Visitor: 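Structure in structure tokens, see below.
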Amino acid sequence: MRITVLTGGIGGARFLRGLRQAVGPASDITVIGNTGDDIDLFGLRVCPDLDTVMYTLGGGIDEEQGWGRAAETWSAKAELAAYGAEPDWFGLGDKDLATHLVRTRMLAAGRPLSAVTAALCARWQPGVRLLPMTDDRVETRIEVERDGSRRTVHLQEYWVKLRAALPARSVVAVGADKAVPAPGVLDALGSADVILLAPSNPVVSIGTILAVPGIRAALATAAAPVVGLSPIIGTGPVRGMANQVLQAVGVASTASAVAGFYGSRHDTGVLDGWLVDSCDAGQVARVEASGIVCRAVPLWMTDVATTASMAQEALLLAKEVRGA
């Protein structure tokens with residue numbers, strides 16, 4: 001089975017770990033990762049979502065945080081603070097620094113991000129093919145308002161420094177309109193047996209991937225069924241700031257509203273199927289009225305086994321959609 005997954009960081013990475021267990025080593029999984037979160041810090045190129053997927057599947061993630069390296073130390077961060085180096089709101093661990101140093105050196109030598117990502121994954125052996133959505137630079141920026149004035153900030157500043165405390169007025173993927181999909185991305189969508197949208201932030205993770213010209217069209221025309229999993233359970237996101245950015249694009253923080261945000265492939269959207277949590281079973285009819293096949297199943301990723309069951313439900317729904 002050839003499975004292609006669009007994903008962001010922590011939630012998507014944990015889902016992928018369950019998916020990998022559910023399908024076993026015989027399946028071919030390609031992951032298209034969001035790069036709108038990428039940022040330059042202290043002269044280094046940092047790719048938070050790609051690294052989170054790589055570390056999680058490679059066994060090096062800090063399980064409690066869901067990001068960064070396990071058993072990390074922070075000596076470099078302390079030294080940078082002693083020098084008064086900015087930004088002081090984003091910390092890079094000592095082990096993590098090695099990844100960014102290697103990536104930055106390879107990029108400076110002229111290698112594209114897709115090739116660099118493959119080289120980094122050669123160490124971690126994540127068991128999937130990890131592709132950035134594009135080799136071009138895309139930067140997700142959030143327009144915020146404070147004291148009556150508006151300005152845009154990098155997504156990392158909004159989330160890490162500001163803690164999403166200011167209302168998000170708009171979300172812009174700067175550079176996405178001029179970007180092209182990374183090598184292998186369109187082929188992975190066109191040749192897949194199943195395409196999954198991980199339970200990642202629909203606006204700043206999956207939405208940013210879809211903003212790269214060609215990717216949304218490839219999803220809309222793919223032969224494979226496209227099934228998504230809701231990142232919203234009950235009245236809010238499983239984690240992260242989906243509430244704030246959904247509000248910025250005029251979408252309610254409900255599982256059915258997010259399905260509507262993605263839209264049905266019978267219309268101008270990208271979904272054939274949608275999974276909501278069991279507690280949101282009352283929203284199934286609303287989703288299906290929009291032309292998307294919907295099922296309610298447990299979606300809390302409490303451990304790898306339950307996440308594998310969740311992934312299996314997504315594959316079963318894809319099979320159901322294909323046979324319809």
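The model shown is predicted, which means the values in this text are computed figures rather than measured ones.
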Visitor: Which heavy atom of Ala308 sits nearest to which heavy atom of Ala22, and what is that distance?
Guide: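 It is O-CB, 3.5 Å.
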Visitor: Is Val249 reachable from Val245 through a run of hydrophobic residues whose side-chain heavy atoms are each under 4.5 Å from the next?
Guide: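 Cluster IDs for Val245 and Val249 match.
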Visitor: Look at the side chain of Arg20 and the backbone N and O of Leu57, then say whether any donor-acceptor pair between them is shorter than 3.5 Å.
Guide: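 Pair found, side chain donor or acceptor close to backbone of Leu57.
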Visitor: What distance separates Gln244 CD from Gln247 CD, expressed to the nearest 0.5 Å?
Guide: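 Those atoms lie 8.0 Å apart.
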Visitor: Tell me if a side-chain donor or acceptor on Asp277 pairs with a main-chain N or O of Pro298 at a distance below 3.5 Å.
Guide: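 No, because the side chain of Asp277 does not come within donor-acceptor range (under 3.5 Å) of the backbone of Pro298.
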Visitor: Between Arg137 and Asp40 (salt bridge meaning N to carboxylate O under 4.0 Å), is one present in this structure?
Guide: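 Yes, charged N to carboxylate O under 4.0 Å.
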Visitor: What closest approach, in Å, do Pro231 and Trp274 show between heavy atoms, and which atom pair accounts for it?
Guide: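 What the structure gives for the nearest pair is CD-CH2, 4.1 Å.
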Visitor: So, taking the atom named CZ in Phe261 and the one named CD1 in Ile232, what distance separates them when rounded to the nearest 0.5 Å?
Guide: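 Answer rounded to 0.5 Å: 11.5 Å.
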Visitor: To the nearest 0.5 Å, what is the distance between CD1 on Ile233 and OG1 on Thr254?
Guide: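 Spacing of CD1 (Ile233) from OG1 (Thr254) equals 13.0 Å.
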Visitor: Hydrophobic clusters here meaning ILVMFWY residues chained together by side-chain heavy-atom distances under 4.5 Å, can you tell me if Val304 and Trp124 are in one?
Guide: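 As far as the 4.5 Å side-chain criterion goes, Trp124 and Val304 are not connected within one cluster.
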Visitor: Cut-off 3.5 Å, side chains only: do Asp96 and Thr99 have a donor facing an acceptor?
Guide: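 There is no such pair (donor and acceptor under 3.5 Å, judged by atom type) between the side chains of Asp96 and Thr99.
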Visitor: Rounded to the nearest 0.5 Å, what separation is found between the OG1 atom of Thr35 and the CG atom of Leu131?
Guide: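 So the OG1 of Thr35 and the CG of Leu131 are separated by 11.5 Å.
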Visitor: Let me see the working for Leu19 and Leu315 under side chain to side chain contact (heavy atoms under 4.5 Å, CB included), right down to the final yes or no.
Guide: CA-CA 9 Å; Leu19 174 66; Leu315 296 175; 4.2 Å; yes
Visitor: Glu313 and Leu299: side chain to side chain contact (heavy atoms under 4.5 Å, CB included), yes or no, with the steps?
Guide: CA-CA 10 Å; Glu313 291 287 353; Leu299 291 186; over 6 Å; no
Visitor: Is there a side-chain contact between Leu120 and Leu50 in this structure, where contact means two heavy atoms from C-beta onward sitting under 4.5 Å apart?
Guide: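 They are not in contact (no side-chain heavy atoms under 4.5 Å apart), so the answer is no.
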Visitor: Does any non-hydrogen side-chain atom of Arg45 lie less than 4.5 Å from one of Arg105?
Guide: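 No. Closest side-chain heavy atoms not under 4.5 Å.
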Visitor: Is a side-chain N or O of Asp267 found less than 3.5 angstrom from the main chain of Gly269, in a donor-acceptor match?
Guide: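 No.
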Visitor: Name the residue from Leu186, Asp187, Ile209 that meets the side chain to side chain contact (heavy atoms under 4.5 Å, CB included) definition with Pro181.
Guide: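 One option only clears the test, and that one is Leu186.
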Visitor: Can you tell me if Ser200 uses its side chain to pair, donor with acceptor, with the backbone of Gly8 under 3.5 Å?
Guide: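 Yes: the side chain of Ser200 pairs with the backbone of Gly8.
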Visitor: Quick check: do His100 and Phe42 have side-chain heavy atoms less than 4.5 Å from each other?
Guide: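 When only atoms from C-beta onward are counted, Phe42 and His100 do not touch, as no gap falls below 4.5 Å.
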Visitor: A quick test of your reading: do over 12 heavy atoms of other residues, nucleotides or ligands sit less than 6.0 Å from CD of Glu72?
Guide: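 Above 12, so yes.
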Visitor: Within this structure, what is the CD1-CD1 distance for the pair Ile195 and Ile3, rounded to the nearest 0.5 Å?
Guide: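 One gets 11.5 Å once the value is rounded to the nearest 0.5 Å.
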Visitor: Which pair of non-hydrogen atoms, one from Ser114 and one from Pro183, has the smallest distance, and what is that distance?
Guide: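 Taking Ser114 first and Pro183 second, the nearest heavy atoms are OG-CD, 3.8 Å.
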Visitor: Any side-chain heavy atom of Val270 sitting closer than 4.5 Å to one from Arg216?
Guide: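 Result yes, sub-4.5 Å side-chain heavy-atom pair found.
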Visitor: Donor-acceptor pair, distance only, cut-off 3.5 Å: does the side chain of Asp62 make one with the backbone of Gln65?
Guide: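 Yes, because the side chain of Asp62 sits within donor-acceptor range (under 3.5 Å) of the backbone of Gln65.
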Visitor: Shortest non-hydrogen contact from Gly12 to Ala198?
Guide: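 Residues Gly12 and Ala198, closest heavy atoms: CA-CB, 3.9 Å.
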Visitor: Kindly indicate, with the supporting measurements, whether the criterion side chain to side chain contact (heavy atoms under 4.5 Å, CB included) is fulfilled by Ser256 and Val276.
Guide: CA-CA 8 Å; Ser256 58; Val276 302; over 6 Å; no
Visitor: If you apply the rule side chain to side chain contact (heavy atoms under 4.5 Å, CB included), what do you find for Ile32 with Leu189, and how did you get there?
Guide: CA-CA 9 Å; Ile32 300 171; Leu189 293 170; 4.0 Å; yes
Visitor: Heavy atoms only: give me the nearest Val194-Leu196 pair and the separation to one decimal.
Guide: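 Answer, listing the atom of Val194 first, then Leu196: CG1-CD2, 3.7 Å.
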Visitor: Whether the side chain of Asp193 engages the backbone of Met1 through a donor-acceptor N/O pair (distance < 3.5 Å, no angle test) should be reported.
Guide: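 It does not hold such a pair.
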Visitor: Between Pro48 and Trp67, is there a side-chain heavy-atom distance shorter than 4.5 Å?
Guide: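 Not in contact.
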Visitor: Indicate if Val153 and Trp89 have the same hydrophobic cluster label, given that clusters are the connected sets of ILVMFWY residues with side-chain heavy-atom separations under 4.5 angstrom.
Guide: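 Yes, it is one cluster - the side chains of Val153 and Trp89 are joined through contacts under 4.5 Å.
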Visitor: What I want to find out is whether Asp272 reaches Arg265 closely enough, with some N-O distance under 4.0 Å, to be called a salt bridge.
Guide: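 Salt bridge present between Asp272 and Arg265.
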Visitor: Do Val251 and Leu271 sit in the same hydrophobic cluster, where Ile, Leu, Val, Met, Phe, Trp and Tyr count as joined when their side-chain heavy atoms come under 4.5 Å apart?
Guide: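 They do share one cluster, since a chain of ILVMFWY contacts under 4.5 Å joins Val251 to Leu271.
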Visitor: Could you state whether Trp300 and Leu16 fall into the same hydrophobic cluster, counting links through intermediate Ile, Leu, Val, Met, Phe, Trp or Tyr residues with side-chain heavy atoms under 4.5 angstrom apart?
Guide: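 Same hydrophobic cluster.
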Visitor: Go through the steps to decide whether Thr52 and Asp49 satisfy the test side chain to side chain donor-acceptor pair (under 3.5 Å), and finish with yes or no.
Guide: CA-CA 5 Å; Thr52 295; Asp49 285 1; 5.4 Å; no
Visitor: Taking side chain as C-beta onward, heavy atoms only, is Leu113 less than 4.5 Å from Cys47?
Guide: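 With C-beta onward as the side chain, the pair touches.
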Visitor: Should Thr7 and Phe15 count as side-chain neighbours, where that means a heavy-atom distance under 4.5 Å?
Guide: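 No, side chains not in contact.
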Visitor: Does a side-chain heavy-atom distance below 4.5 Å link Pro87 with Leu41?
Guide: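 Yes. Closest side-chain heavy atoms under 4.5 Å.
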Visitor: From Ile206 CD1 over to Tyr262 OH, what is the distance, rounded to the nearest 0.5 angstrom?
Guide: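 One gets 4.5 Å once the value is rounded to the nearest 0.5 Å.
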Visitor: Could you report the tightest heavy-atom contact between Pro132 and Val185, atom names first, then the distance?
Guide: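 For Pro132 versus Val185, the nearest heavy atoms are O-CG2, 3.6 Å.
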Visitor: Is it the case that the side chain of Tyr158 and the backbone of Leu166 share a donor-acceptor pair, with hydrogens and angles ignored and the cut-off at 3.5 Å?
Guide: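 Yes, because the side chain of Tyr158 sits within donor-acceptor range (under 3.5 Å) of the backbone of Leu166.
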Visitor: Is it the case that the side chain of Glu157 and the backbone of Leu162 share a donor-acceptor pair, with hydrogens and angles ignored and the cut-off at 3.5 Å?
Guide: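 No; judged by distance alone, with no hydrogens or angles, the pair does not exist.
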Visitor: Using a 3.5 Å cut-off and no angle test, enumerate the donor-acceptor pairs between side-chain atoms of residues 170-177 and protein atoms at least two apart in sequence or in another chain.
Guide:
unit_1	atom_1	unit_2	atom_2	d
Ser170	OG	Glu143	OE1	2.8

Visitor: Judged by atom type as modelled, is there a donor-acceptor pair below 3.5 Å linking the side chain of Ser264 to the main-chain atoms of Gly291?
Guide: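 Confirmed, Ser264 side chain pairs with Gly291 backbone.
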Visitor: Any sub-3.5 Å donor-acceptor pair from Lys95's side-chain atoms to Gly68's backbone N or O?
Guide: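 Flag not set: sc Lys95 to bb Gly68 has no pair under 3.5 Å.
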